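One-based numbering, in listed order, for ligands and for the atoms of each. Predicted, not measured: the structure shown is a model, and the values here were computed from it.
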Amino acid sequence: MEPLVDSYGRHIKSLRISVTDKCNFRCTYCMPAEGLPWLKKDQILSYEEIVRFTRVAVNMGIEQIRLTGGEPLVRRDLPDLVRQLGEIPGLRSLSLTTNGILLKQQAGALAAAGLTRINVSLDSLIPEKFAEMTRRDQLAAVLEGLAELERYPSIHPIKINAVAMRGFTEEEVLPFAELARQKAYSVRWIEFMPLDADQIWRKEDILSGAEIKAIIEEAYGPLQQIPLDHPAETARRYTFSDGIGEVGFINPVSEPFCSSCDRIRLTADGQLRTCLFATEETDIRSVLRSGVDDEALTQTIRQAVWHKELKHYIGDKSFKRANRSMSMIGG
Ligand code: SAM
Ligand code: SF4
């Protein structure tokens, strides 16, 4: 089959699938305190529809799948979907992004279903600050979830992602760095992006990866860069001279990586997005439900990918906010 490629020559290999728009947190950089109008059940793709789409996409060259949301673990029987996706021939990596609050209960079932990689979002190690950011006083449950994960070594690496915000993150940098020195975690900071539903984002709120790296190096000395796993990798990763884990910086605003982007996204309601900041989508749900064959679905995906956006334009005069906020897209 011809490679899945866009009009700028980028090969698309990674698909993020949002399995729900709902969430049990209300992170200030993502969702409003009161939540959002949730999708109705029949608007959401069934597991059967997700698996069919994924099988076709993998046949076209998608190698990596990440399940996300909303909070993916609130969707019923997620391990069933993990197992079905894991059986698709040709898929090289299947991972999950979660806020971690339900991991204590679900880590075992996810491991048994074949999940091999995970990202746990965690912005603060201080209970009050965690509650301020997520609007839920649940740090202890997330830490218990992380501890539970360690019982399943087949899920590896364990990545911890923190959204970096000026005035909030600075005092947390060294405790998180210490966590990465003591444990086999990959702790990564991601720059705050204008994808929050409340539209509070301001450029001045970004704490850049370079600033965080400087804080760490001042305390621990020079970090050692790890070579990229593959050209489309978003994180710049480093080890300590004397630590077990690693730290990483995902800098979409200060150092955009659009030119090597290999990602597309399928929203919970079956819309294909070729950029986080897309203002238009392709209605895969209607195509799936219209009874067409896989060849027609393949052509729809190919056509959408061909029109993938050049870049995100954050900071340019022409920047337009995406037509959805992060929890509705699937980060
Ligand atoms: N609920 C799950 C979680 O939080 O891990 C998965 C969905 S969440 C939308 C995916 C990732 O997007 C999380 O790591 C979250 O921190 C990140 N995120 C959400 N809003 C963001 C924003 N405005 N800028 C940068 N990252 C954001
Ligand atoms: Fe929920 Fe994740 Fe958004 Fe936080 S970042 S509100 S956990 S979807």
Worksheet item: Is NZ or CZ of K213 both nearer than 6.0 Å to the six-membered ring centre of F249 and within 45° of the ring axis?
Response: no
Worksheet item: Does an N or O from T98, backbone or side chain, lie closer than 3.5 Å to an N or O of ligand 1?
Response: yes
Discussion item. Please confirm whether G70 approaches ligand 1 to less than 4.0 Å, judged on its heavy atoms.
Written reply: yes
Worksheet item: N99 heavy atoms, cut-off 4.0 Å: which ligand 1 atoms fall inside?
Response: 2 (C), 3 (C), 5 (O)
Response to the item:
Note: S124 and L139 closest approach over all heavy atoms is O-CD1, 3.5 Å
Worksheet, complete the sentence: Within 4.0 Å of some non-hydrogen atom of G69, the atoms of ligand 1 are 7 (C), 9 (C)
Worksheet item: Are Y185 and F176 close enough that their ring centers fall under 6.0 Å?
Response: no
Fill in: Heavy-atom nearest neighbour in the protein, as seen from atom 9 (C) of ligand 1, with distance rounded to 0.1 Å
M326 CG, 3.5 Å
Worksheet item: Around Q43, counting heavy atoms of other residues, nucleotides and ligands shown, do more than 12 lie under 6.0 Å from its CD?
Response: yes
Worksheet entry | K308 to Y8, cation-pi by 6.0 Å centre distance and 45° axis angle | no
Item to complete: Examine T68 against ligand 1 and note whether any of their N/O atoms are separated by less than 3.5 Å.
Response: no
Item to complete: May I ask you to check if ligand 1 and T97 share an N or O to N or O distance below 3.5 Å?
Response: no
Worksheet item: Within the distance-only criterion (no hydrogens, no angle test), does the side chain of T68 pair as donor or acceptor with the backbone N or O of G331 below 3.5 angstrom?
Response: yes
Worksheet item: Nearest protein heavy-atom contact for atom 4 (O) of ligand 1: which residue, which atom, what distance?
Response: S121 OG, 3.4 Å
Worksheet item: Can you tell me if NZ on K129 sees more than 12 non-hydrogen neighbours from other groups inside 6.0 Å?
Response: yes
Worksheet entry | Check ion pair R289-D283 (N to O, under 4.0 angstrom) | no
Worksheet item: Counting distance only, does the side-chain N/O of E191 pair as donor-acceptor with the main-chain N or O of G209 below 3.5 Å?
Response: yes
Discussion item. Which of the protein's N, O or S atoms come within less than 2.8 Å of atom 3 (Fe) of ligand 2, not counting waters?
Written reply: C30 SG
Worksheet item: Should E71 be counted as touching ligand 1, given the test is an N or O pair under 3.5 Å?
Response: yes
Fill in: Atom indices of ligand 1 within 4.0 angstrom of V163 heavy atoms, with elements
16 (O), 26 (N), 27 (C)
Worksheet item: Which residue, I118, L67, L110, forms the side-chain contact (heavy atoms from CB on, under 4.5 Å) with T98?
Response: I118
Worksheet item: Is M193 in polar range of ligand 1, meaning some N or O pair under 3.5 Å apart?
Response: yes
Worksheet item: Taking atom NE2 of H230 as the centre, does the number of heavy atoms from other residues, nucleotides or ligands within less than 6.0 Å exceed 12?
Response: yes
Response to the item:
protein heavy-atom neighbour closest to atom 15 (C) of ligand 1 works out as Y29 CE1, 4.0 Å
Worksheet item: Quick one: which ligand 1 atoms are inside 4.0 Å of a heavy atom on E191?
Response: 25 (C)
Worksheet item: Any salt bridge between R117 and D229, counting N to O under 4.0 Å?
Response: no
